[in-house]
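Take a look at the structure set out below.
All values derive from a computational prediction rather than experimental measurement. Side-chain atoms are counted along with the backbone in the values below, which use heavy atoms only and exclude waters and symmetry mates. Index from 1, following the sequence.
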Amino acid sequence: MDRVSHKGQVREKVVLAQVTSAFRWNRLLLANTVIVVLLVFYFLYAQVSPVGATAWMIGMQVVTLFRFLLGRAFLSRDRSGHEVAPWRTGFVALTGIAGFAWGLIGTALYPSTDPHSQLVIAMIMLAVSATGLFSQYPVFWAYPTFAIPMLAPFILMRFLGDTRADMFAGFTGFFFLLIALFTARRMSMHHFRWLVSRYRLRVVSGEREQALRLAEESSRAKTEFLANMSHEIRTPMNGVLGMAHLLAQTHLDTTQSRYVRALRSSGEQLLAVLNDVLDFSKIEAGKMTIERVPYNVMDVATVSTEMFFAQAEAKKIAIELECEGTIPKLLGDPVRVGQVLSNLVSNAVKFTERGYVRVAVDWNWETESRGTLVLTVRDTGIGIPKEKHTAIFDSFAQADQSTTRKFGGSGLGLAISSKLVQLMNGSIQLQSEPSLGSVFTLALPSEFLSEDVSLPSSVADKHQLCGTVLLVEDNEVNELVSAMTLRGLGLAVIAASNGSDAISAYASAKPDVILMDCHMPGMDGFEATRAIRRLEDDARHVPIIACTANVTAGFRDRCIEVGMDDYLSKPFRANALYEVLAKHLLDKAVILADKTPPGISPMNALAVPVRTNCEEVQLFDEAHLLKVSQLHSSGASNVLEKLVPLFLKQIERFGKALAQHIEAADVAGIKSIAHTLKSSANHVGLSRLSSAMDDLETLCETEAPAEAIGQAKRLLPLLELSGKTLEQWHIGRHVQH
């Protein structure tokens, strides 16, 4: 709101308040006026002409009635600024008429002979004028209009009198009138200023509330924008990083390997900047929460250090992790502790060209249940000038602007670290000088458990998982990357591109775990999860893991509320995917060592069972398909290039035909398709589909057509899933070769 309109709005409200106050005060005093008029009439009736006294009394009562009715009309209606002026004019006019009428008792009706009666009339006039001062000052011109017609003629006549008493009464009345007018002016000014201050405060408060509402709406819009941008950016990033990871495992020459490493590095840097912006926004919005769970500090420190080994090795600097004595198992937020430590180590490696980066973990005992975790990151890098020690913890700030161009980064890492440390009730300190390196010391007050843990062994036992994953993903690239990563972990994959297909796949395949994308066209992941939970029986609960690019605050809680069991943000690394799946397939994990068949790497171990107990019946048997292709003299590759696409076209055509036969209740047509698919599915390694079609053909030969039609209808999802599985394997084979 500009200054002119602001002042105009305040002035309108002040004028309205002035007139309202005057009418309210006047209404309270008009009842007293009626009584005073009757008393004065009784007094004058015996002193002056009865006719004159009666006429004056009737006139005063009529004026009083009009003043009352005007005030009642004003106070009882809906008032606005543009209507105030006529009411104010009416109030002043009637007040002036009343003042003139009161002035008559000091002139025309003034007792001429009795000094005592004259004194009584003078006292009444002064009292009435004084009373009017308190009811009329909110509208300043009302009081002069009332007091001057009442007292001025009386004062003038007293000055023209012959006696000293008249002169004294004239001077008394004159000074009283001056003082009354001055007092009315002062009271009116104070009242005006108070009203202006009051309404300015109200206007400012209203603007502040409006600004607050706008800020809240802006914050909500910002959150929604970040959520949408997070999803829109992370979804293709998942494909970029995933394909780069898979491409790096193929046979590449030196130049190609260098290009792939550059691709992965650029993608990971972009993802790091995105994560920094989202974290900073959540902290600024006050929506960042700190968890309190048991965790092993050394595990966190080891992971936060080892992830920079390759970068440090390329620069020929050493990364050392030190720990003296034993560190208790703590209660806190391992993710945020690791995030802060990773930021510090990352900066240390980034700004160190030679020497070392040393991470020290220490524990200071304070009480039997509490202590302080001290993490120190020391480097021999370029150092930081003392005058910049405080500024580097500000948002989008670095010690030297030239470092952005040379070393990169968003300038948010240390700002986020500082705010996270504050949220964890800790402190972070810096000791550094140019060319002498830097020392960041992180102190976190923590509670601990009684169990002591020491520095772990450097390489953990690797496990291969066993089971079937229903992958629900609408992005084809992400589906391919995720499917190949899952198969590399030893899992069978069934793919669905939307919520409806996911429900059908769940009902027919009974997977061991479901990776559910949340944002999909049509039926989204939330609705599909609710539907699957309604289909579940009490005997078997299938874990559903949200796999989404939305990482805004509260989204994880929303996933849990609809019935999901866990949460995995995209883009994810293979290790993160393994960790979350291992929690839900723990009883199905087997030691990886010496378990992979000879000649087949973990990334190519596709011949895995469909069922959780690793039965012999398989959805897809790669080994069988390869064996079939090698029986032909034209070569395995040529056979696969012809056989697989041909079967994919056949299964699509037969799928449509089978649906038509089911609709027409054509058992003969169903039997024909089952017979054909039984053998062709076996040729391409779709063992489960081949077995199912064999059973369907046998059922069609019995005297139970209704059962055969029902079974065929139930096998339609398996037919579609089998085709998708073979197609994904075929695409993945091209990527790997």
Side-chain angles (χ1 to χ4, degrees), residues 272 275-305 307-308 321-323 325-348 358-378 389-397 410-432 438-453 551-557 567 569 576:
N275 288 334
D276 284 347
V277 173
L278 291 173
D279 282 345
F280 184 77
S281 300
K282 286 190 288 185
I283 293 173
E284 289 294 299
K287 296 183 177 180
M288 176 69 75
T289 58
I290 301 298
E291 295 185 350
R292 188 172 178 271
V293 297
Y295 73 101
N296 188 322
V297 179
M298 292 310 304
D299 287 346
V300 174
T302 301
V303 172
S304 300
T305 304
M307 63 190 301
F308 299 102
L321 176 60
E322 299 178 346
C323 175
T326 58
I327 305 295
K329 199 167 188 179
L330 303 182
L331 292 175
D333 193 328
V335 175
R336 300 307 172 189
V337 173
Q339 183 178 354
V340 174
L341 187 57
S342 297
N343 278 334
L344 297 179
V345 176
S346 174
N347 283 343
R358 184 173 299 150
V359 179
V361 182
D362 197 7
W363 174 257
N364 294 330
W365 299 90
E366 295 178 0
T367 67
E368 294 182 355
S369 61
R370 294 190 62 85
T372 300
L373 172 65
V374 181
L375 301 173
T376 304
V377 179
R378 184 186 304 271
H389 284 192
T390 302
I392 63 170
F393 293 102
D394 294 336
S395 306
F396 305 102
S410 63
L412 285 175
L414 289 178
I416 293 173
S417 298
S418 177
K419 293 182 181 296
L420 287 176
V421 170
Q422 293 176 12
L423 290 175
M424 292 186 287
N425 299 319
S427 63
I428 185 169
Q429 296 180 350
L430 168 64
Q431 295 178 343
S432 181
S438 304
V439 180
F440 286 87
T441 303
L442 173 65
L444 293 175
S446 304
E447 296 183 44
F448 57 85
L449 304 178
S450 59
E451 176 186 0
D452 290 341
V453 291
V551 295
T552 55
F555 192 82
R556 181 189 184 102
D557 295 335
Y567 176 94
S569 62

For this session: List the atom of Ala443, the atom of Thr372, and the distance in Å for their closest heavy-atom pair.
Result: CB-CG2, 4.0 Å

Exercise. So, for Gly371 and Trp363, which heavy atoms are closest and what is the spacing to 0.1 Å?
Worked result: CA-CZ2, 3.4 Å

Exercise. Taking the side chain as C-beta and beyond, is there a heavy-atom pair between Leu344 and Ile428 under 4.5 Å?
Worked result: yes

Exercise. To the nearest 0.5 Å, what is the distance between OG (Ser417) and CZ (Arg336)?
Worked result: 11.0 Å

Exercise. Are the side chains of Leu341 and Leu442 in touch, meaning some heavy atoms are under 4.5 Å apart?
Worked result: no

Problem set entry | Taking every non-hydrogen atom, the tightest pair across Val293 and Pro334 | CG2-CD, 3.6 Å

Exercise. Are the side chains of Ser432 and Phe440 in touch, meaning some heavy atoms are under 4.5 Å apart?
Worked result: no

Problem set entry | Non-hydrogen atoms of Gly426 and Pro445 that approach each other most closely | CA-CD, 3.8 Å

For this session: Could you grab the distance from atom OG1 of Thr441 to atom CD of Gln429, nearest 0.5 Å is fine?
Result: 6.5 Å

Exercise. Does CZ belonging to Arg378 count more than 12 external heavy atoms closer than 6.0 Å?
Worked result: no

Exercise. Hey, what do you get for CD (Gln339) to OG (Ser346), rounding to the nearest 0.5 Å?
Worked result: 11.5 Å

Exercise. Does the Ser418 side chain pair with the main chain of Leu414, one donor and one acceptor, at a distance under 3.5 Å?
Worked result: no

Seminar exercise, completed: In short, Lys329 meets Tyr295 closest at the heavy-atom pair CG-O, 3.4 Å

For this session: Please step through side chain to side chain contact (heavy atoms under 4.5 Å, CB included) for the pair Val337 and Met424, ending with a clear verdict.
Result: CA-CA 9 Å; Val337 173; Met424 292 186 287; 4.0 Å; yes

Problem set entry | Met298 CE to Leu321 CG distance, which is reported to the nearest 0.5 Å | 4.0 Å

Exercise. Does the side chain of Leu375 come within less than 4.5 Å of Val359's, by heavy atoms?
Worked result: no

Problem set entry | Spatial distance of atom CZ (Arg358) from atom OG1 (Thr305) [nearest 0.5 Å] | 12.5 Å

For this session: Output the distance between atom CG (Leu330) and atom CZ (Arg370), rounded to the nearest 0.5 Å.
Result: 10.5 Å

Exercise. Where do Asp362 and Leu373 come nearest, in terms of heavy atoms and distance?
Worked result: O-CD1, 3.6 Å

